[in-house]
Amino acid sequence: MNIIIKSFKTLTQSLQNPNHLFTSQFSTSFLVTKTPKAFKKKRKCKPSPRTTLVQTEPNQNPNLERIVERDSLFRFVTKSKQYLTTQPEHVLRLDDAGKLHRELGFPRGRKVLRSITRHPLIFQTYRHTDGKMWFGFSDLMEDLLAEEQSIMDSMERDRVDKVRKLLMMSAKKRIPLCKIHHCRALFGIPDDFRDRVSRYPNYFRVCVEENGLRVLELVDWDPLLAVSAIEKEFMVDEKGAKRKFNFPVKYGKGLDLELEDAKKLNLLNTLPLVSPYSDGARLDLWTLEAEKYRVGVIHEFLSLTLEKRAYIHHLVEFKEEFSLTKHTYQMLLKQPRAFYLAGTEMNWVVFLKDGYDKNGVLIEKDPQVLFNEKLYKYAQMQEMEQVGMENLHLT
């Protein structure tokens with residue numbers, strides 16, 4: 001009887017106080033206490049600069065974007081080629097290669113053998129007498145390297161002039177040799193350029209600073225070289241050069257200018273650009289004149305490259321020498337007629353649009369560019385008899 005009375009009292013208290021249900025002495029572990037995943041609101045992932053494309057889909061140039069994809073496709077070939085050529089006998093133990101994902105250009109956490117087997121005409125593996133697996137260049141690749149060396153020798157004077165122009169553009173007419181070596185593939189400069197410098201004492205001087213840094217200095221200023229590509233174009237096609245750049249003038253709404261009058265006003269500030277061979281370091285950093293100078297420097301820098309394009313890390317390498325700012329990305333976006341930015345916001349590539357035709361093909365091809373295209377063709381082949389070289393094309 002007492003048990004029935006206690007149960008009745010508990011029920012009465014529960015009805016009077018609904019919250020009492022949640023403090024009952026019985027277990028509630030069988031109840032669903034969490035919202036099922038199917039009913040949860042999905043959080044939107046914040047856009048990451050690593051994956052966010054520079055250009056929106058309507059503004060993309062598929063041909064130029066495809067060149068960036070090609071760089072990624074052949075990254076292992078180009079990086080491994082650079083690294084192996086510095087090794088004795090052009091070979092490397094496979095165990096050691098697996099730890100050099102950054103130097104050899106294969107994805108971190110992947111096996112290097114997987115990348116090697118994709119290019120059987122370029123690389124080969126073998127078992128050494130020590131019982132370890134090694135990898136190196138194939139006989140075909142060794143022949144290609146000899147061919148490339150002959151190209152480097154024949155184009156040495158052209159590369160020397162490129163370095164001279166870079167020094168003439170720099171703030172103090174001096175650039176650390178390590179920076180030039182880092183960007184050597186961009187200009188077609190040979191790996192041993194640091195040793196070849198001694199052949200040109202009338203042009204260059206190597207100074208060693210207190211911290212051991214070797215710096216290349218300009219010895220002789222050549223006024224014939226101090227003419228930029230945009231200045232040459234201006235003399236041939238003045239109207240085309242004027243339409244290429246845009247530096248809009250800020251004016252009050254009270255002027256109430258018509259569209260045609262606003263264009264004429266902006267045109268007054270467009271040209272002439274400040275020569276990249278002038279002393280840009282003396283300019284006030286945030287003036288229109290300084291911005292014109294930086295645009296001109298990047299235009300001239302890209303015109304000196306083999307493929308008329310450069311990655312962000314190439315430009316950052318010369319940030320101090322060319323007086324560039326952290327707003328270079330935004331500055332280039334404001335000049336869509338002269339430059340095209342591809343890739344992602346974190347790892348973008350800037351193209352000189354004049355260097356390419358409407359199909360995204362480089363107009364003037366340096367012998368080194370033709371060699372690289374041949375190398376990429378071989379890198380795609382699995383066997384020499386797979387297809388005739390005359391029908392081979394980059395995919």
Side-chain angles (χ1 to χ4, degrees), residues 62-87 89-92 103-106 112 114-125 135-159 162 183-193 196 302-311 314 342 349 351-352 355-357 359-395:
N63 296 318
L64 298 183
E65 296 285 348
R66 205 170 291 123
I67 294 176
V68 180
E69 294 175 4
R70 185 200 67 182
D71 290 347
S72 177
L73 181 65
F74 294 112
R75 188 169 185 269
F76 177 75
V77 174
T78 54
K79 297 278 286 184
S80 296
K81 170 177 162 288
Q82 285 184 354
Y83 190 82
L84 279 178
T85 50
T86 63
Q87 301 301 306
E89 300 183 12
H90 297 171
V91 293
L92 187 64
E103 291 80 358
L104 300 180
F106 65 92
V112 65
R114 184 178 180 181
S115 298
I116 294 171
T117 53
R118 288 177 179 172
H119 313 288
L121 296 186
I122 306 298
F123 306 107
Q124 63 181 8
T125 58
F135 95 100
F137 294 131
S138 64
D139 293 338
L140 171 64
M141 185 60 186
E142 291 289 356
D143 293 338
L144 289 174
L145 289 176
E147 180 183 342
E148 184 182 33
Q149 186 62 42
S150 64
I151 294 174
M152 292 287 187
D153 295 338
S154 63
M155 299 298 294
E156 181 174 323
R157 186 52 193 262
D158 176 78
R159 309 314 189 222
K162 286 181 184 294
C183 299
R184 63 192 184 281
L186 195 65
F187 303 99
I189 297 173
D191 294 341
D192 60 345
F193 180 77
R196 300 192 186 204
L302 295 176
S303 69
L304 295 176
T305 61
L306 295 180
E307 297 189 28
K308 307 300 181 267
R309 63 189 180 97
Y311 276 83
H314 293 133
V349 189
F351 288 81
L352 195 61
Y356 292 82
D357 62 16
N359 297 319
V361 178
L362 196 61
I363 297 174
E364 296 181 4
K365 293 188 177 182
D366 186 271
Q368 182 65 44
V369 174
L370 296 174
F371 171 83
N372 292 339
E373 290 181 351
K374 181 197 290 189
L375 176 64
Y376 296 153
K377 291 173 183 178
Y378 279 121
Q380 293 179 100
M381 296 171 61
Q382 297 298 313
E383 298 178 2
M384 283 296 292
E385 295 79 17
Q386 180 181 358
V387 63
M389 283 300 295
E390 65 278 2
N391 299 324
L392 201 59
H393 64 279
L394 286 175
T395 58

Checklist line | Note: Asp153-Arg196 ion pair, threshold 4.0 Å (strictly below) | finding: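 A salt bridge is present here (some side-chain N lies under 4.0 Å from a carboxylate O).
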Working to the nearest 0.5 angstrom, can you tell me the gap between [X] [atom1] and [Y] [atom2]?
| X | Y | atom1 | atom2 | answer |
| --- | --- | --- | --- | --- |
| Gln87 | Thr85 | CD | OG1 | 8.5 Å |
| Leu73 | Thr78 | CG | OG1 | 10.0 Å |
| Lys365 | Asn372 | NZ | CG | 11.0 Å |
| Gln382 | Thr117 | CD | OG1 | 8.5 Å |
| Phe351 | Glu65 | CZ | CD | 7.5 Å |
| Asp192 | Gln149 | CG | CD | 6.0 Å |

For a 4.5 angstrom cut-off between non-hydrogen side-chain atoms, does [X] reach [Y]?
| X | Y | value |
| --- | --- | --- |
| Met152 | Asp191 | no |
| Asp71 | Arg309 | yes |
| Lys374 | Leu370 | no |
| Lys81 | Ile122 | no |
| Lys162 | Ile189 | no |
| Phe135 | Val91 | no |
| Met141 | His90 | no |
| Arg70 | Arg66 | no |

Notebook entry, point to check: Sequence neighbours excluded, which residues qualify as ring-ring contact (aromatic ring centres under 6.0 Å, His included) partners of Phe193?
Noted result: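 Result, ring-ring contact (aromatic ring centres under 6.0 Å, His included) vs Phe193: none returned.
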Can you name the closest pair of heavy atoms from [X] and [Y] and give their distance?
| X | Y | value |
| --- | --- | --- |
| Phe76 | Leu104 | CD1-O, 3.2 Å |
| Gly188 | Arg159 | O-NE, 2.9 Å |
| Gly360 | Leu64 | CA-CD2, 4.2 Å |
| Ala342 | Val68 | CB-CG2, 3.8 Å |

Counting N and O atoms only, with roles assigned by atom type, does the side chain of [X] sit under 3.5 Å from a partner on the main chain of [Y], one being a donor and the other an acceptor?
| X | Y | value |
| --- | --- | --- |
| Ser72 | Glu69 | no |
| Ser80 | Val77 | no |
| Asp366 | Gln368 | yes |
| Ser138 | Leu121 | yes |

Note to self: For a side chain to side chain contact (heavy atoms under 4.5 Å, CB included) check, start with the C-alpha distance between Phe137 and Asp143, then their side-chain angles and the critical distance, and finish with the verdict.
What the structure shows: CA-CA 10 Å; Phe137 294 131; Asp143 293 338; over 6 Å; no
Notebook entry, point to check: Can you list the steps and then say if Gln380 with Phe74 is a side chain to side chain contact (heavy atoms under 4.5 Å, CB included)?
Noted result: CA-CA 9 Å; Gln380 293 179 100; Phe74 294 112; 3.7 Å; yes
Notebook entry, point to check: Does the side chain of Asn63 pick up a donor-acceptor pair with the side chain of Tyr356 at under 3.5 Å?
Noted result: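 No, Tyr356 and Asn63 have no side-chain donor paired with an acceptor closer than 3.5 Å.
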